[in-house]
Amino acid sequence: MKIATFNINNVVSRLAVLTAWLEAEQPDVVCLQELKADQGAFPLAALEALGYGAVWKGQRTWNGVAILARGMTPVLTRTALPGDPDKAQARYIEAAVNGVLVGGLYLPNGNPAPGPKFDYKLVWFEAFNAHAQTLLDAKVPVVLAGDYNVVPTEADLYPNHSYGDNALLRPESRAAFQRLLDQGWTDGLRAIHPTGPLWTFWSYLRFRWPKDKGLRIDHLLVSPQLTDALVDAGVDRWVRDLDGASDHAPAWITLDR
DNA sequence: ATGACTCCATTTTGGAGA
């Protein structure tokens with residue numbers, strides 16, 4: 001069972017990129033972020049033609065999250081994060097697929113920091129961590145996949161960077177992510193690849209992709225019920241090279257179940 | 001370097017992303 005997360009950065013204008021990737025890699029479950037599309041503008045028919053069912057929470061212009069499943073429609077359990085301070089922002093969706101509960105998230109970017117956007121990021125993070133703990137307490141198989149907008153360690157971005165105290169690197173952001181891991185979640189990509197670059201994002205600016213100067217901010221966390229089933233993980237870097245690419249590439253894990 | 005890319009809406013500038 002291959003589960004992926006992909007910040008598509010507009011699901012309508014980048015439908016050809018999404019289609020090319022789905023056809024080539026055939027992931028079983030996909031969490032999408034930054035749909036940037038109204039609820040009614042989601043390209044369900046095109047995805048169904050590829051064999052995917054979907055549930056989604058749309059929002060015009062910004063945010064928006066979806067969960068796709070190959071050969072079935074995910075069983076929707078939530079379209080909002082409990083305790084989200086701003087209900088208008090579509091940043092969390094949750095659904096069951098083949099006995100695995102999948103949470104798809106688009107954590108607030110938080111820039112500029114400090115400021116109200118950074119405050120919102122930290123409040124959202126705490127609400128998310130609280131919900132993650134309730135999921136752990138349920139002792140069911142869970143994957144939390146999405147754009148966390150956190151670079152966990154200095155090994156998770158290119159050397160000699162100039163990100164300074166960017167909200168993605170701030171100690172408060174990293175500490176919140178570490179508290180999440182400390183609940184008992186396993187970082188799927190790092191568990192399979194303990195060292196080395198695992199970039200999932202390359203800015204459009206300054207030739208970051210041709211220079212391979214990236215960041216790792218898209219993560220898949222697995223609950224203890226699934227750690228033994230985790231057999232592979234990776235980043236589909238080729239998708240970042242397509243014409244009209246998102247600035248993110250899909251990240252994925254494979255579970256033996 | 002409030003630079004550069006990319007897209008969109010409150011459109012012909014500016015906001016957001018990270």
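No experiment lies behind these values; they were computed from the predicted model shown. Every chain is numbered from 1 and lettered A, B, ... according to where its sequence line falls, protein lines coming before strand lines.
- In terms of heavy atoms, A:Met1 sits closest to A:Val97 at CE-O, 3.6 Å.
- Comparing the same atom, P, in B:dA18 and in B:dG14 gives a spacing of 22 Å after rounding to whole Å.
- For A:Lys117, the listed nucleotide lying nearest its side chain is B:dG17; candidates were B:dA18, B:dG17, B:dC5.
- Under a 3.5 Å cut-off, the side chain of A:Tyr204 and the backbone N or O of A:Asp247 do form a donor-acceptor pair.
- Across all strands, A:Asp218 comes closer than 4.0 Å to no nucleic acid atom at all (heavy-atom distances).
- Between the side chains of A:Glu34 and A:Asn7, at least one donor-acceptor pair of N or O atoms lies under 3.5 Å.
- Among the nucleotides B:dG17, B:dG3, B:dA18, the one closest to any side-chain atom of A:Arg206 is B:dG3.
- Rounding to whole angstrom units, CG of residue A:Asp38 and P of B:dC8 are separated by 13 Å.
- Taking atom P on both nucleotides, B:dA16 is separated from B:dA1 by 22 Å, rounded to a whole Å.
- Rounded to whole angstrom, the span from the OH atom of A:Tyr163 across to the C1' atom of B:dG17 amounts to 10 Å.
- If you check every strand for non-hydrogen atoms under 4.0 Å, A:Asn9 touches nothing.
- The side chain of A:Asn7 contributes an N or O atom lying less than 4.0 Å from OP1 or OP2 of B:dA18.
- Look at A:Tyr106 and you'll find a side-chain N or O under 4.0 angstrom from OP1 or OP2 of B:dA18.
- Going from atom CZ of A:Phe201 over to atom P of B:dT6 covers 12 Å, rounded to whole Å.
- Looking at which nucleotide of DNA chain B each of A:Pro108 and A:Thr61 is closest to, the 5′-most match is held by A:Thr61.
- Using a 4.0 Å heavy-atom criterion, one finds that A:Phe207 contacts no nucleic acid atom at all.
- Screening A:Asn149, A:Asp147, A:Leu198 against A:Asp218 for a side chain to side chain contact (heavy atoms under 4.5 Å, CB included) leaves a single residue, A:Asp147.
- In this model, the phosphate group of B:dC8 is approached by a side-chain N or O of A:Asn10 to a distance below 4.0 Å at OP1 or OP2.
- Where A:Leu215 and A:Val12 meet DNA chain B, the nucleotide closest to each residue was compared, and A:Val12 sits on the side nearer the 5' end.
- With 3.5 Å as the limit, one finds no donor-acceptor pair spanning the side chains of A:Gln33 and A:His248.
- Rounded to a whole angstrom, the distance from the P atom of B:dC7 to that of B:dT2 is 25 Å.
- Between the CZ atom of A:Arg60 and the P atom of B:dG15 there is a distance of 17 Å, given to the nearest Å.
- To the nearest angstrom, C1' of B:dA16 lies 13 Å from CG of A:Asp147.
- In this structure, A:Asn63 atom CG and B:dG17 atom P are separated by 7 Å, rounded to whole Å.
- Evaluation of atom-type donor-acceptor distances gives a pair under 3.5 Å for the side chain of A:Asn109 against the base of B:dA18.
- Counting non-hydrogen atoms under 4.0 angstrom, A:Ser203 reaches nothing in the nucleic acid.
- Each of B:dT6, B:dA16, B:dA9 was ranked by its minimum atom distance to the side chain of A:Trp62; first place goes to B:dA16.
- For the pair A:Arg14 and B:dT6, the criterion of a side-chain N or O lying under 4.0 Å from OP1 or OP2 is not met.
- Checking A:Arg179 against A:Asn129 by side-chain atom types alone, no donor-acceptor pair falls below 3.5 Å.
- For the OP1/OP2 pair of B:dA18 and a distance below 4.0 Å, the side-chain nitrogens and oxygens of A:His161 include no atom meeting the criterion.
- For A:Asn166 and B:dA18, the shortest distance from a side-chain N or O to OP1 or OP2 is not below 4.0 Å.
- Residue A:Leu168 places its side chain closer to B:dA18 than to any other of B:dA18, B:dC8, B:dG17.
- Rounded to whole Å, the distance from CG on A:Leu205 to C1' on B:dA1 is 13 Å.
- With both ends at atom P, the span from B:dT6 to B:dT10 equals 23 Å, rounded to whole Å.
- The salt bridge (Lys or Arg N to Asp or Glu O under 4.0 Å) search around A:Arg208 returns none, not counting sequence neighbours.
- Here the C1' atom of nucleotide B:dA18 and the CD atom of A:Gln33 are 14 Å apart, to the nearest Å.
- Listed pair A:Arg208 / B:dA18 fails the phosphate criterion, with no side-chain N or O lying under 4.0 Å from OP1 or OP2.
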